[in-house]
Amino acid sequence: MPSSLDAYLGSASGQDPLRQKVADTVRHLAAAAVKVRNTIIAGGSGESLGASRDATNGGGDVQKELDVVADRAFLDAAKAAPIAFFGSEEQDEAVVLKPGEALAIAIDPLDGSSNIETNVSIGTIFSILPVEEAHQADPKSVFTQPGSRQLAAGFFIYGPQLLLVLTVGNGTHVFIFKPGFGGFVELTGSVTIADRAKEFAINASNYRHWDPQIRSYIDDCLAGTEGPRERDFNMRWVGSMVADCYRILVRGGIFLYPGDGRQGYQKGRLRLLYEANPVAFCVEQAGGAATDGVNRILDIVPEGLHVRTPLVFGSKREVERVGRYMADPSALSERSPLFGKRSLFRA
Ligand code: F6P
C-alpha cells in the first residue's frame with residue numbers, strides 16, 4: 001500500500017517543530033490544489049477560465065481568470081497555514097499574513113497560463129522559506145534569501161492526473177491525487193533523473209534572439225548523428241514548465257529558457273523565486289542540475305520577489321555541457337574541425 005502524503009509528511013518532519021509547520025503548510029497547499037483542479041474540471045462554473053482580464057500580474061504577464069482563482073485558493077491556504085508572508089506572481093508586493101510566524105511562501109499559483117484554454121497541463125509552483133528574526137523587521141528581506149535556504153518546494157500538475165512533485169530536502173517524491181481516497185498517495189519512491197539526455201526543451205522560435213553559445217548548443221543537438229554529438233535528439237516544448245519538468249524527472253532531458261535579445265528578456269522569462277528555485281530544488285534532489293547557464297540557481301541571491309533568471313535544468317551531464325559552451329564555445333574539442341571526430345573528451 002503506497003504511503004499517503006499525510007503519512008509521508010508526518011514521518012519526514014518527525015518531532016521537529018519547524019518541519020511540522022512545513023508539513024502543515026504542504027497539507028494546506030495540497031487541499032487548495034484539489035480545489036483548483038475541481039474548478040478546472042468543472043469548466044470554471046460558467047466563467048471562461050482562459051479569458052484574459054484587463055490586467056497584468058506582479059510578474060508582468062497578462063492575467064487570466066484562472067490565475068486569479070488559483071491565487072485566491074492558495075492565499076486562503078496560506079492564511080490557514082503557519083505563514084508570515086505570501087509572495088505571489090499575481091501580486092506586486094508580498095502579502096503579510098501572520099507576522100511572527102516561521103515560514104514564507106513564494107508561489108506561482110498558475111504556471112503555463114497561456115495553455116489554459118487549450119486543455120494542456122498547467123500547474124502551481126511553490127517554495128517554502130524560513131522567516132528568521134532579521135526578516136521580521138523587513139518582510140521584503142525574506143525574499144532575498146537564496147534558493148539553497150528553501151525548506152521545501154514543489155509543484156502541482158493539473159493534467160490528465162493531479163500530481164504533486166515535492167521535496168523537503170530528502171529526495172524528490174511524486175504523489176498522485178486519488179479522488180476515491182480523497183487525498184494524495186505516493187506514486188513512486190525517490191525520483192532519479194537519468195544522467196544523459198536524449199530530449200531537449202526550448203522555445204525554438206527565439207533562435208534568432210539567442211546568444212551564440214545557446215545557438216551552438218542547440219545546433220549540435222539538431223545535427224544529431226551527423227554532428228559532434230553523434231546521436232539524435234528529440235525536441236519537446238509543452239509551454240508549461242511544470243509539465244516539461246515532470247517529463248524530465250521521468251525520462252531525463254534538458255530544459256532551457258536562456259536570456260535573449262528581446263526587450264525585457266535579457267534574463268529570460270522565468271522568475272527566480274517562484275519558478276526557478278523550486279524547480280531547481282526538486283531537480284537537484286533528484287540527482288539533476290539547475291543553473292542560469294553558468295551559476296547554480298540555488299546559490300543566486302535574489303534582488304526581489306519578481307526577478308527573472310535564465311534557467312537551464314535537467315540531466316546533470318547535459319546541464320554541465322551547456323555550462324562549458326557558455327564558458328567558451330570555441331574551446332569545445334567536439335566543435336573543433338581538427339578534433340571533432342576523435343576527441344577523447346566526447347561526452
Ligand atoms: O510563465 C511561465 C511559462 O508559462 C512556463 O511555464 C513556460 O515554460 C514558459 O513560460 C513558456 O514561455 P514561451 O511562451 O516563451 O514559450
Side-chain angles (χ1 to χ4, degrees), residues 33 36 40 49-50 52-53 55-68 70-71 74 87-92 106-127 153-159 163 165 199-211 214-215 218 235-249 253-280 282-283 288 290-293 297 305-314 319 322:
V36 173
I40 295 169
L49 295 176
S52 295
R53 291 159 55 89
T56 51
N57 60 26
D61 296 329
V62 173
Q63 259 182 341
K64 298 191 174 178
E65 285 302 328
L66 191 59
D67 286 315
V68 179
D71 190 48
F74 285 101
S88 163
E89 179 177 30
E90 300 306 324
Q91 309 196 24
D92 294 341
I107 192 162
D108 178 357
L110 217 284
D111 175 62
S113 45
S114 71
N115 279 324
I116 294 174
E117 64 271 34
T118 63
N119 197 28
V120 167
S121 295
I122 47 183
T124 296
I125 317 177
F126 62 90
S127 159
F155 53 91
F156 297 96
I157 306 175
Y158 312 107
L163 297 183
V165 174
E199 280 178 336
F200 64 90
I202 192 165
N203 183 342
S205 69
N206 297 321
Y207 183 91
R208 72 188 186 285
H209 303 295
W210 297 335
D211 288 344
I214 297 294
R215 285 195 210 174
I218 296 297
M235 196 210 75
R236 286 285 180 271
W237 181 252
V238 179
S240 293
M241 187 174 54
V242 288
D244 282 316
C245 183
Y246 187 62
R247 185 191 59 252
I248 288 171
L249 286 166
I254 183 165
F255 173 105
L256 304 96
Y257 210 121
D260 65 52
R262 287 173 295 163
Q263 200 177 2
Y265 279 78
Q266 294 88 335
K267 291 193 159 195
R269 176 180 171 87
L270 302 170
R271 313 289 157 164
L272 176 57
L273 266 297
Y274 41 78
E275 292 180 314
N277 273 345
V279 159
C282 291
V283 164
T291 69
D292 64 359
I297 288 290
L305 183 56
H306 298 296
V307 292
R308 298 184 186 210
T309 180
L311 179 59
V312 178
F313 70 80
V319 173
V322 172

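Just so it is clear, the structure is predicted and the values come from calculations on it, not from any experiment. Each ligand, and each atom within it, is numbered from 1 in the order the structure gives.
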When the ring planes of His306 and Tyr274 are compared, do they come out parallel, tilted or perpendicular, using 30° and 60° as the limits?
perpendicular

Could Asp244 and Arg247 be called an ion pair, given the rule that one side-chain N must be under 4.0 Å from one carboxylate O?
yes

Would you mind writing out a table of all protein N or O atoms found under 3.5 Å from any N or O atom of ligand 1, naming both atoms and giving the distance to 0.1 Å?
from	atom 1	to	atom 2	distance (Å)
ligand 1	1 (O)	Arg269	NE	3.4
ligand 1	1 (O)	Arg269	NH2	3.4
ligand 1	6 (O)	Asp111	OD1	2.7
ligand 1	6 (O)	Asp111	OD2	3.1
ligand 1	6 (O)	Met241	N	2.7
ligand 1	10 (O)	Arg269	NE	2.8
ligand 1	12 (O)	Arg269	NE	3.3
ligand 1	15 (O)	Asn203	ND2	3.2
ligand 1	15 (O)	Tyr257	OH	2.6
ligand 1	16 (O)	Asn203	ND2	3.0
ligand 1	16 (O)	Trp237	NE1	3.1

CD-CD1 distance between Glu90 and Ile107, expressed to the nearest 0.5 angstrom:
10.0 Å

So how far is it from Thr124 OG1 to Leu110 CG, rounded to the nearest 0.5 Å?
6.0 Å

Indicate, with yes or no, if the rings of Phe200 and Trp237 have centres closer together than 6.0 Å.
no

Would you say Asn115 and Ser240 are linked by a side-chain donor-acceptor pair, where the criterion is simply a distance under 3.5 Å?
yes

